[in-house]
Amino acid sequence: MAKSIVSAVLEKLSSFLMIPGEIKRNFELALALEEEIGKVIAHFQDIQSVLQDAESKQVKDANVRNWLKKLKDVAYDVDDVLDEWNSEKLKSQIEKEQKEARNFPLLKKMRNSISSFTFQTILCYKIASKLNGVNEQLDSIATEKDRYKFGLEKVVEEPRRLITASFIDDEEVYGRCQETEILVNVLVGENSSGGGLKLPVISIMGMGGIGKTTLAQLVYNHSDVECHFDKRIWICVSDPFDEIRIAKEILEAFKGESLNLVGKDNILQEIRSHVSGKKVLLVLDDVWSEDATRWEQLRTSLKHCSPGSRILITTRNEKVAIIMGTTSSNLFLLNTLSLEECWSLLSRRAYYGRTREECENLDDIGWKIAEKCQGLPLAAKILGGLLRFKRTREQWQNVLDSEMWDIEEAEQDLFPPLFLSYYELPLAFKQCISYCAVFPKGMILRKDELIKLWMAQDYLKGVRCEEMEIVGEEYFDELHMRSFFQDFRGDELDSGIMKYKMHDIIHDFLLVLMKTECVMLVNHDSEELKVDLSCESARYGTLIRKEAAPTEPNIFRFRKLRSLLIDSSYHDTSSLRLYLPRLFDQLTCLRALNLSNGLFRNSIEELPDEIGKLVHLRYLNLKNNKKLKELPESLCGLCNLQTLNLKWCDSLKELPCGIGKIINLRHLENDQTNLSLMAIPKGIGRLTNLQTLSLFVVMGNSDTSSLGDLQNLIHLRGLLKISGLGAVCDVTEAKKAELENKKGLRTLILDFTISKGLMSNRWQRDDGRLLEALRPPPCLEELEIWWYSSPTISANWMMGLTKLSHVSLGYCLHLKSLPPLGKLPSLESLYIGGMSRVEKVSVEFLGVEREEILAPSSSLESPSLSVIAFPSLKHLEFEFFDLEEWEDWMPLTSREEHISIMPRLCSLTINSCPKLKALPCYVLHNTSLKQLNISQSPTLSERCRKETGEDWLKISHIPSIMIDSVRIQVNCSSVEEFGVLQFQPLHSSSLSSKNFLKAFSQN
């Protein structure tokens, strides 16, 4: 981490050597500033050359850790000084542009110029003074460096790597029976042909200490494997990947003696001749290299083995497995042990030499210690070995109460294998993974939020002008492939949000690396927060508010915090309001601040003006503060702000007028504020870096933003909801929005309601023309249209959206017929609700052309050329809310029977359609249908009644049937196998009561 921050600061310093022209007029000041910057650069460059050695030694040497802490403190301070300088220059530039735009008279412009020069001069004196103090600290750190005799980067000793062998004592292994059986079957079973591959590669992948080598040894020594292969060879590869050494060891395994062969080609030729005609198992343990060229020639020489030969590798990195030639079906992700297996492994060591009475006396504590291992075999072995020499309950309790990083044996034996994974990371990755120590242990991490937090700390340096978000995706995916993150599978209906966890032992390891940089504060039982004085210069902090009592003031001691995540999952944020002014006034180095509320109705109601003092702030999370009504104008002075999260701030009435000054804003997340937010201020169009704008509200007057202000926001991506379209009468404004050019948009929600406080101009509206003008990009995947008031949907662009997978049409109260959605080739889910004037769903809905209907089936050359309507549709829902018009869902005529309809449909929901007479045959006889849900539709319910209903025999093949909330048929295995979930629309309108709908339609 020290090398990462020093490298980042050095990169910034070099750009600051270009002194502004105004300052160069003051020769002495310019000279002094250049001199101080030059000294800092020289110091850091000198220290940088030994940092790799220092970071490898810090794991075991507390003195080195302390020296690195001092260095990092200074590097952070320099970074803050440079960021302050840059922020002030940026604010000055914004103010200058605003003044120039006002067209002031010449005299006032001259005064502004003089004022700007004076400001720059004072700022540079201030920066020079701060850098002078930094250089004094660096002098002392450079002197202390010489005591430790660090090696230079080119000659630094790499961490020691364990050399493995194939031998194993089965009695020392617990668990892994199922994994062994699966792998043995892959190697020798009847279906072990390798899927057509000449020499299949099977990979065991997982984090350090999880037991990859142990599993490979179990498989290697299995009796079925011994009998199946003519020759078994075990090679410990480690790092670096030395193909000559590996090739020699393979050859020596065949010959049984050391070789004097010289030359790579000679060795590979010998290998080729020895493996020819033999069924070989080659185990390559602990592979790290991502260089494919080192492996290709060796693998080519091995391809002359007889069919059934295998290569089995172990690695921590999925990327390595892929490079070695592993297919997805042959990649085995090794999971942790169960608690019982972990306890068996730990207790075998811990109870060695004890009597039964002694063991029974320690069992309850021992099980809890086994839980600390989180299923990691290496941790169980190390703690078991430690407990063997702890004789009393008190000593065992002390181990249980200790954090893993405070246990000496863990630091010496458990963390070094993890350090190998960390050591192999590029500098940028080390920064990103180290930051994760700030999260509470076991916390579920959202990928997109983590990337924004990395952005706030300036970790994501784009290459070739890549966007930070793309770089963050690549970094995260790399760390995930290297087993630093584990997939977390939560609620399957959770909008597809990618969530992950970090293993507790990896978290403990990161806390060792970040011990003085990270602080975790918990206010509990109204006790005052205890603060470790050595952590007062911490840069990353989390405050867990387990009590609502006002014990927060101790947080003010951490004045250099760059990240503060306040966990309000236990108590709402309302009690913070007294302390926010002081927090903003004193913690001015913050770059990331999380003030999100838990699932509470109460919250803070306003942000104090002091928020404007957080000049470094890049990430501000105010999510779920449901009583927050407004944001101060001082927020608009935060020119570095990149992310502003206002999700579920559903009392927020307006955004600050000067929001256009936050020119670095990239993510304005204002989902679920549509019921309170009246409009978007003018100036939003100046935020040309915006990638996320969840909600855009159209007010229809000159004081707020119009649709045309979306024109310059070409980087918008993901979700965009436009509400208040009912107030738009000028179609040219919609064309100016140029939605078609926003190639990153994937979800578009068009809401044709009218903002609060506005009168309806229904006689002036033409929603059809407006919809046509709002043409989205062709790559759109989800489209929702709500409260549309024209009688037809005839937008020419809709059928051209070939990637559209979801459509919702809701409360289109004047719509008389449904659009031909059956033409959409990728449509998987469709929601249609609240259509008061639709009387029938006819063949036009299928999107089949007249010629296709008239074409007799005999004229079709083959079944593959038959007409298919809704070829990809899986989920279909009709919800008409007792608006009693829809009577007929037209069946196919005999001339239309050659049309295939919804061949992949798996769930159908019919809700509140009281007049609907029957389902068409192409639905009733659909063999792919796995779930049918009918409610508040009496005629249909009666026809589908179990055993007695007219249509029961036609639908009895459906595994899951629910009629009026009663499940009349369920075949769980079939439903689970198919993975059917009841479909819910993405957007749920709150204006759905029957009475309101009737009143609305009458108006």
Side-chain angles (χ1 to χ4, degrees), residues 650 653-655 670-682 684 693-710 719-737 739 747-776 783-795 797-798 807-816 819 831-838 881 883 985-993 995-1003:
D650 49 19
K653 295 180 179 178
E654 58 185 3
L655 299 174
N670 56 346
D671 315 32
Q672 307 302 330
T673 60
N674 53 299
L675 295 181
S676 61
L677 198 63
M678 300 290 291
I680 299 292
K682 274 190 170 299
I684 196 80
L693 178 60
S694 310
L695 173 66
F696 186 85
V697 184
V698 183
M699 189 76 171
N701 62 45
S702 59
D703 298 326
T704 59
S705 282
S706 62
L707 283 172
D709 290 314
L710 292 171
L719 163 71
L720 172 63
K721 176 180 177 180
I722 305 176
S723 71
L725 286 170
V728 178
C729 300
D730 187 357
V731 175
T732 58
E733 276 296 311
K735 291 179 179 177
K736 285 181 187 176
L739 296 185
T747 300
L748 180 63
I749 301 175
L750 301 175
D751 187 341
F752 287 82
T753 52
I754 301 170
S755 298
K756 290 180 181 179
L758 291 182
M759 296 294 292
S760 172
N761 294 326
R762 182 170 298 281
W763 60 90
Q764 297 178 15
R765 286 174 59 177
D766 187 343
D767 287 358
R769 289 183 62 220
L770 186 58
L771 182 63
E772 181 65 43
L774 291 169
R775 177 188 293 268
L783 174 67
E784 304 196 10
I785 300 173
W786 298 85
W787 301 102
Y788 177 82
S789 69
S790 290
T792 60
I793 293 178
S794 55
W797 48 259
M798 190 177 290
V807 171
S808 282
L809 301 177
Y811 310 119
C812 303
L813 303 179
H814 297 268
L815 200 65
K816 294 182 178 179
Y831 169 84
I832 297 173
M835 307 294 186
S836 61
R837 299 194 182 184
V838 172
F881 296 114
L883 295 172
L986 295 175
H987 171 84
S988 172
S989 176
S990 61
L991 308 174
S992 58
S993 70
N995 294 336
F996 183 81
L997 279 171
K998 289 178 180 176
F1000 189 94
S1001 60
Q1002 288 168 2
N1003 289 338

Exercise for review: Report the C-alpha separation of Met798 and Leu783 in whole Å, then their side-chain angles, then the decisive distance to 0.1 Å, and conclude whether the side chain to side chain contact (heavy atoms under 4.5 Å, CB included) test is met.
Suggested key: CA-CA 9 Å; Met798 190 177 290; Leu783 174 67; 3.9 Å; yes

Check your understanding: Hey, mind stepping through Ile832 and Val838 against side chain to side chain contact (heavy atoms under 4.5 Å, CB included) and telling me if it holds?
Key -> CA-CA 11 Å; Ile832 297 173; Val838 172; over 6 Å; no

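Ile785 CD1 to Asp751 CG: the interatomic distance, rounded to the nearest 0.5 Å, is 11.0 Å. The distance from atom CH2 of Trp787 to atom OG1 of Thr753, rounded to the nearest 0.5 Å, is 8.0 Å. The CG atom of Asn670 lies 6.5 Å from the CG atom of Leu677; values are rounded to the nearest 0.5 Å. With rounding to the nearest 0.5 angstrom, the OG atom of Ser706 is 12.0 Å from the CD1 atom of Ile680. Separation of atoms CG (Leu725) and CG (Leu707) is listed at 6.0 Å; rounding is to 0.5 Å. Atom-to-atom distance recorded for Leu693:CG and Leu720:CG is 6.0 Å, nearest 0.5 angstrom.
Partners of Pro819 by side chain to side chain contact (heavy atoms under 4.5 Å, CB included), not counting sequence neighbours, listed by chain and number: Ile793, Leu809, Leu821. Residues satisfying the side chain to side chain contact (heavy atoms under 4.5 Å, CB included) criterion with Lys735, sequence neighbours excluded, are Val731, Ala773. Residues satisfying the side-chain hydrogen bond (donor to acceptor under 3.5 Å, both in side chains) test with Ser790, not counting sequence neighbours, are none. Tyr788 meets the ring pair (Phe, Tyr, Trp, His ring centres under 6.0 Å) test with Phe752; sequence neighbours excluded. Evaluation of the salt bridge (charged side-chain N to carboxylate O under 4.0 Å, His left out) rule for Lys736 yields Glu733 as partners, not counting sequence neighbours. Judged as a side chain to side chain contact (heavy atoms under 4.5 Å, CB included), and not counting sequence neighbours, the contacts of Thr704 are Ala679, Met699, Asn701. In this structure Thr673 satisfies the side-chain hydrogen bond (donor to acceptor under 3.5 Å, both in side chains) test with no other residue, sequence neighbours excluded.
Under a 3.5 Å cut-off, the side chain of Ser836 and the backbone N or O of Leu813 do form a donor-acceptor pair. Put simply, the side chain of Ser808 never gets that close to the backbone of Glu784: no donor and acceptor are under 3.5 Å apart. Asp709 places no side-chain N or O within donor-acceptor distance of the main-chain N or O of Ile684, the cut-off being under 3.5 Å.
Residues Ala727 and Ile754 share a closest heavy-atom pair of N-CG1, 4.3 Å. The heavy-atom pair separating Pro681 from Leu655 by the smallest distance is CG-O, 3.6 Å. Closest of all the heavy-atom pairs between Glu772 and Trp797 is O-NE1, 3.3 Å.
Contact of the Ser705 side chain with the Phe696 side chain is registered, since non-hydrogen atoms from C-beta on lie closer than 4.5 Å.
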